[in-house]
Amino acid sequence: MLVGAPLATSLEAGRRDFNRRFGEAKRRFPDLDAGAFGDFLATLVDPLATAVATLDPDRAGLTVGAAYEVGLELVGKFLVGPHARQPWVEETWRRLVPALARPIARDPLRLLAALSNAAYRLAGQSGACPRGWIDRMVDLAPRCEDPHLVLRLGRLLAWRAGLAVLRVQALAEARAIDGTLALMALGAPADANREELCDCLADDPWLDPAAPGRARGLRLAGWVGSFRGWGGEFGEPPTVNSEGDQLLVFADDRRWWVAADTFGATLELAPGVAPPAPARLAAGEVHLAEGALWCGAQRVDLPQLGRLTSLAANRHTALVTGAASFRVALIALT
Amino acid sequence: MFERVLQRVSAAPTNPAPREQVEGFDVADLYRGPVDTGDQAEVAQSSLDEKLRQAYFWIVNTAIISPHYDIEFNDAPPSSWEIGDGRRRFTLPSAQSYSSFVLLPLLTFATRRKCLFIGGPGRGKTATAILMGVLAGYPVREVRRAMQHGHPQLTIADLFGNPLPADLLKAERIEDIRIAWRSWLGMRVKIVDEYNRIPTRTQSALLTVMGDNYAELLGHVYECPEAAWFLTANDESGGGTYQVIEALRDRIDVIVQALSFNPRFLEDLLIRVEERVRPEEAVPPALIFTAAELDLVDQQIRRVVLPAAVRRRIEFFASQFELLDVAADQLEYRTKDTARLTGADWRTLVAADSGRDRLQDLGCQSVNGLSVRVLLTLLMYSKALAHFRGHQIVHLDDVRQILPFVLRDKLQPDLAAPFFDAPGNAIFRTDRIGWLRQLFDASCGEYDRLDLDRDDPLVALNGEMRRGLEGVPAAEVRARIVAIERLVAEWSHGRKLYGTLADDLLNLKYLHQRYSSYLRWLESA
C-alpha cells in the first residue's frame with residue numbers, strides 16, 4: 001500500500017497503538033477486513049493527511065488518529081469499502097473531507113464522525129439527495145474554517161438536500177451564520193435580504209429561495225412514501241389525516257408525521273399503534289371531487305391515484321391518497 | 001477468577017428494539033448514527049436506560065438468583081396451558097419479561113421512591129436493598145453500617161443522632177447545641193431493616209424523614225437529600241412487634257414480595273459457597289450510577305409521555321372505587337372515606353347500598369378508594385417502567401404490570417364482597433397481585449364495552465375548557481352551560497349511580513361552575 005509521507009509518518013509513529021486498536025476493533029467487528037481497511041487508509045485517509053500536513057502540520061498526527069478510529073467503524077460496519085450498502089459515506093470522504101481539511105484538523109473526531117453519519121442519514125432518507133448535499137458542501141467548504149460552522153452549514157444544506165423535517169432548525173442556522181454564506185447556502189440571489197427571506201421561508205414552505213418572487217399556485221408538488229415491498233414504508237395503501245397543522249399518514253396500524261416543503265418531503269414514524277383516523281374528503285378550503293383536488297375554482301387532477309380515498313390539509317399543503325397507489329400526493333396550496 | 005466473572009457486564013444491548021421517537025426528529029440526529037461522535041456526555045445521556053437494564057440483568061444473572069418472570073410482556077400471543085387441579089394458567093411470555101423482586105427495587109432506585117420488601121426471613125430482601133446502595137456508589141461497608149435495623153429499643157437519637165455532650169453542658173440556648181447527625185441521613189439510598197419492629201414513637205420520627213425529607217432534633221433541622229428508600233418486613237399488613245402507623249405505611253410507594261428460591265438453581269449457590277464470593281462486593285464499576293446520572297434518569301423518566309388513551313383508562317379505573325352511595329346526601333361526600341371517618345359499621349352500610357350489581361360493580365370489591373398520592377406513584381412508576389424498557393411513551397401494558405405493586409397495600413379488598421365468592425375467585429382472597437391485575441383488566445374491558453375512546457362527551461367538554469375562556473362570548477358560554485345541564489338531565493334518567501358516573505357528574509359540576517362564574521363576570525363588566 002503506497003501512501004504519502006504524512007500518513008506514513010503518523011502510522012509509523014503510532015504503530016503499536018494503531019495495531020492494538022485494530023485488534024480491539026476486530027473483536028467488535030469480526031468481519032472487519034484488513035485489506036478493505038488498508039484501502040480505506042490509502043485512498044481516503046491519505047488525501048486528508050496530506051492536506052492537513054500542508055495547512056496545519058502540528059495537527060496531522062491527531063487527525064490521522066481520529067480518521068483511523070472512525071475508519072475502523074466505517075469499514076467494520078460496511079459503510080465504506082467494496083461491501084458498502086450505499087456509496088455516499090465513501091463519496092463524502094472522497095470529495096468533502098479533503099475539502100474541509102482545515103476545520104477537520106481542529107476537531108477531527110467530531111467532524112469526521114458527524115459528516116459520516118450525516119451522509120449515512122441522507123442516504124437512508126427516501127427522496128433525499130446526498131449527492132446534492134455533498135456538492136453544495138464542497139462548494140462552500142472554502143468559506144468554513146470553524147468546525148461549528150461546518151456542522152451548522154451541514155444542517156442547512158441537509159434541509160436543502162431533502163430533509164424537510166429540518167426546516168425550522170435550518171432556518172435558525174441560516175439566521176445565525178454569516179449573511180452572504182447563508183444566502184449562498186439557501187441558493188438565493190446574492191442581493192436578497194437574508195432576514196426577510198428567512199421570514200418568508202418560515203411562513204411559506206413552498207417558497208423557492210432561488211426565485212422568491214416567482215408566481216406560483218395550486219400544483220402537484222411531489223410524492224412521498226411508497227410500497228414496502230419496494231423499499232418504502234407502507235404495506236397497504238395509506239390514508240391521511242391531520243392534527244391541527246400536523247399532517248399524518250396512516251397505514252398498517254402505524255402513523256407517520258409528514259414534513260414537506262420546496263426541497264422535499266420526509267416521513268417520520270410515530271411511536272405506538274395507531275388505528276387510522278376516519279378518512280375525510282374535505283378539509284378547510286380544499287376538497288376532493290371528480291378525481292381531483294379542488295381549491296376554490298382551481299383543481300389539480302390526480303389520475304395516478306385512482307379513486308381518491310382521503311385528504312388532509314393545513315394552510316400550505318394538502319396530502320391526497322387513492323385506492324390505486326401506495327404513494328401520497330403532495331399538493332402545494334401556496 | 002470468579003470475581004472477574006462476576007464483574008462482567010454484557011456489551012450486547014439488553015433490549016435490541018428500535019428506539020421510539022416521540023418528537024419527529026431531533027436536529028442532533030443528523031449527526032448521530034453508526035459512528036461514535038466522541039461526545040461522551042451525549043452518549044451517556046442517551047444510554048441510561050440501557051445502563052439500568054444492564055444493572056438489572058447483572059443482578060438477576062449474577063447477584064440475586066431470581067429466575068422469575070412474573071412481570072410478563074408479550075409482543076405476540078403467548079403460549080399458555082392450564083396446569084393442576086385448579087386449572088390455573090401457566091404462561092410462557094413472548095417478549096422480554098422481568099422479575100418483580102429485582103425490577104421494582106431498580107425502578108425505585110431510579111425514581112427515588114420508597115419500596116417495601118416483604119417475605120420470610122433469608123429470602124434476599126436485605127441483600128437486594130444493599131445492592132441498591134452499592135449501585136448508588138457507596139462502599140458495601142458504608143451501606144451496611146448506615147442501614148437502620150428496627151428493634152424495640154430503637155430511639156429517635158439512634159435514628160437521627162445526638163447532641164454533642166459538651167454543648168449540652170455549656171449551652172445557654174437551644175440554638176447553641178450542635179447535633180452529631182447520623183451519616184445515613186445524608187445518603188441517597190436509605191435502608192430500614194424490619195421497619196415493623198420500630199417503636200411507635202420512633203416511627204413518627206421516621207415518618208418525618210420519609211414524608212418530608214428532614215430530620216429534627218432539639219430545634220435543629222437536617223435537610224436530607226432526595227433518596228431511594230428500601231424497607232423490609234416479614235409481614236405486609238403492618239403487623240409485627242409494633243403496629244406500623246398508617247401514615248408511615250402510606251408513604252411506601254411499592255411493595256414487592258421476595259419470591260421463593262427455586263432449588264433447581266442450587267448450583268449457583270454452591271459456587272458462592274465454594275468461591276467465597278459476595279456479589280455486593282463485586283458490583284462492576286460500569287453499573288454504578290453517579291448522583292448526576294440519577295438526576296438525569298429522573299428527568300428522562302418524567303419526560304416519558306403518557307398518551308391520552310392510556311391516561312383515560314387509568315382515570316376510568318380509579319373512578320370505580322371511592323363512591324359509597326349511602327354515605328351521605330351530597331354527592332361530594334358519598335365516599336368510602338366519609339364512612340371511614342365517621343366510624344360507621346361497614347357491613348351495615350354495604351347492606352344498605354342496594355340497587356347496584358354487586359358482582360359487576362368493581363367498586364364493590366374494595367373498602368376504600370385511591371388517594372392522590374397513590375395515583376401520582378402509579379404515574380411515576382408507569383413512566384419508569386416504560387423508560388426501563390427503552391420506550392419514550394407509556395404503553396397500557398406498562399400500567400397493567402406495575403399497578404398491582406403500587407396498589408398492593410393501598411386498595412384494600414372487601415373480602416366479603418360477592419366477587420370473592422364467585423366460582424374461581426376465592427383464590428384472589430390471598431393473591432393480591434392477581435386480584436389487582438384482573439381488576440384493571442375488567443375495568444379496561446368495561447371501558448372498551450362503553451367505547452369511551454370514541455363516545456365520551458366529557459372529552460370534548462373538558463377540551464373546550466382547557467382551551468381557555470378568554471374571548472369566549474356570553475352567548476357561547478350560555479350554550480355550553482345548557483349543554484352541561486342537558487347532559488346531567490340525560491344521565492339522571494334511570495342510570496344507576498356507579499363510581500365513574502359520580503366522578504363525571506362532579507366534573508360537569510366543575511365545568512358548570514367555571515362557566516357560571518365567567519358568565520357573571522362578563523355580565524357585570
Practice item. For each of Leu72(A), Leu122(A), Val89(A), Leu151(A), tally heavy-atom pairs with chain B at distances under 4.5 Å, and name the one with the top tally. Key: Leu151(A)

Review point. Between Ala66(A), Ser116(A), Gly154(A), which residue shows the highest count of heavy-atom pairs closer than 4.5 Å to chain B?
Key: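 Option with the top pair count is Gly154(A).
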
Review point. Any side-chain heavy atom of Leu30(B) within less than 4.5 Å of one from Leu166(A)?
Key: yes

Practice item. Might you confirm whether atom CZ of Phe234(A) has over 12 heavy atoms from other residues, nucleotides or ligands at distances under 6.0 Å? Key: yes

Review point. Within a reach of under 6.0 Å around CZ of Arg175(A), are more than 12 heavy atoms found that belong to other residues, nucleotides or ligands?
Key: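 Atom CZ in Arg175(A) is packed in, count exceeds 12.
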
Practice item. Please flag which part of Ala118(A) lies under 4.5 Å from any non-hydrogen atom of chain B: side chain, backbone, both or neither. Key: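 Both parts, backbone and side chain.
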
